[in-house]
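Beneath this line is the structure, given in structure tokens, with notes to follow.
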Amino acid sequence: MFNAIHLNSIGYVFEFGAKIGLAVSTQPIFFFAEEDSYRQFLSADQLKMAYRIKSLEKENILFSLSSDAPCTPWAEPDSPFYGIYAAVTRHTAAGGFINEDEGIPVVRAILAYTRDAAEMSGFVNNGTLTPGKDADFVILDRDIFSQKAEDLAKVKPASTWIGGEKVWSQEKK
């Protein structure tokens, strides 16, 4: 597995990635939380190559999204919802954008956090809710698919289930 930030660092990624079975894990929370640093230390050409998530999909390269927690300074480093928000909107916490044309749909971001992450990690009984697999899932406090893009980071888990049993619940007040 290759952890990708700047995909121009390996020239063959887009040309040969799918052919050689390359799998890429990337963390959009970093450009969301650290836009100023990226703009300070990367040239304009380098920044154009950062976090090219939509390009990975276009080239049929298996990719997952993750938080890389606790390695980000963001207030909620382990929340996947900031990463989903960033992957979809390409907005940053500072109010800017990083490579707007590399945004992906919500459903694709969720699949990258679940199904594709499980596949890349070798977890054959996780990643999808299908007969015969472990029933590990979360129930969200709202329908993530009907949210406006700018509200995706506000989504929260309502309960967590492992092996089909509830192990955590956020009680409504």
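On a predicted model such as this, the values are computed, not experimentally measured, just so you know.
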OH on Tyr113 to OG on Ser64, rounded to 0.5 Å: 9.0 Å
Between CG on residue Leu62 and CD on residue Glu119, distance to nearest 0.5 Å: 5.0 Å
Pairs touching residues 153-168 that satisfy salt bridge (charged side-chain N to carboxylate O under 4.0 Å, His left out), sequence neighbours left out: Glu76-Lys156, Asp151-Lys154
Flag, side chain of Asp78 to backbone of Pro70, donor-acceptor distance under 3.5 Å: no
Tyr85-Val138 co-clustered via ILVMFWY side chain contacts under 4.5 Å: yes
Rounded distance (nearest 0.5 Å) linking atom CG of Asp68 with atom CZ of Phe30: 4.0 Å
Under 3.5 Å side-chain donor-acceptor pair for Glu102 and Ser55: yes
Same cluster (ILVMFWY, side-chain, under 4.5 Å), Trp161 and Ile144: no
From Glu34 atom CD to Phe41 atom CZ, the distance as rounded to the nearest 0.5 Å: 11.0 Å
Main-chain N/O of Asn126 paired with Asp136 side-chain donor or acceptor, under 3.5 Å: no
Val155 and Arg142, any side-chain heavy atoms less than 4.5 Å apart: yes
Ile110 vs Phe145, side chain to side chain contact (heavy atoms under 4.5 Å, CB included): CA-CA, chis, key distance, verdict: CA-CA 10 Å; Ile110 291 170; Phe145 299 108; 3.8 Å; yes
Test item: Asp116 and Phe63 side chains (from C-beta on) under 4.5 Å apart, heavy atoms: no
Closest non-hydrogen atom pair between Ala94 and Glu35, with its separation: CB-OE1, 3.4 Å
For Glu57, all residues meeting side chain to side chain donor-acceptor pair (under 3.5 Å), sequence neighbours excluded: Arg108
Residues which pass side chain to side chain contact (heavy atoms under 4.5 Å, CB included) with Val124, listed by chain and number, not counting sequence neighbours: none
Atom NZ of Lys133 with >12 non-hydrogen neighbours under 6.0 angstrom: yes
Ile139-Leu129 co-clustered via ILVMFWY side chain contacts under 4.5 Å: yes
Interatomic spacing from CG in Leu140 to CD in Gln147 - rounded to 0.5 Å: 9.5 Å
Candidate pair Asp101 and Lys54, rule side chain to side chain contact (heavy atoms under 4.5 Å, CB included), full reasoning: CA-CA 8 Å; Asp101 59 334; Lys54 188 175 187 177; over 6 Å; no
Side-chain touch Tyr38/Gln46, heavy atoms, less than 4.5 angstrom: no
Side-chain touch Tyr51/Thr26, heavy atoms, less than 4.5 angstrom: yes
Nearest atoms (heavy-atom pairs only) where Pro157 meets Gln170: O-CB, 4.0 Å
Shortest non-hydrogen contact between Ile84 and Ala109, atoms and distance: CG2-CB, 4.1 Å
Backbone of Gly127 reached by a side-chain donor or acceptor of Arg115 within 3.5 Å: no
Separation between CZ of Phe81 and CD1 of Ile29, rounded to the nearest 0.5 Å: 12.0 Å
Phe97-Met49 co-clustered via ILVMFWY side chain contacts under 4.5 Å: no
Matching residue for Ile53 among Val88, Leu65, Val24 - test: side chain to side chain contact (heavy atoms under 4.5 Å, CB included): Leu65
Non-hydrogen atoms of Ala86 and Pro28 that approach each other most closely: CB-O, 3.7 Å
Minimum heavy-atom distance between Met120 and Ala23, given as atom pair plus value: CE-CB, 3.7 Å
Cluster overlap Val107 with Leu152, hydrophobic side-chain contacts below 4.5 Å: yes
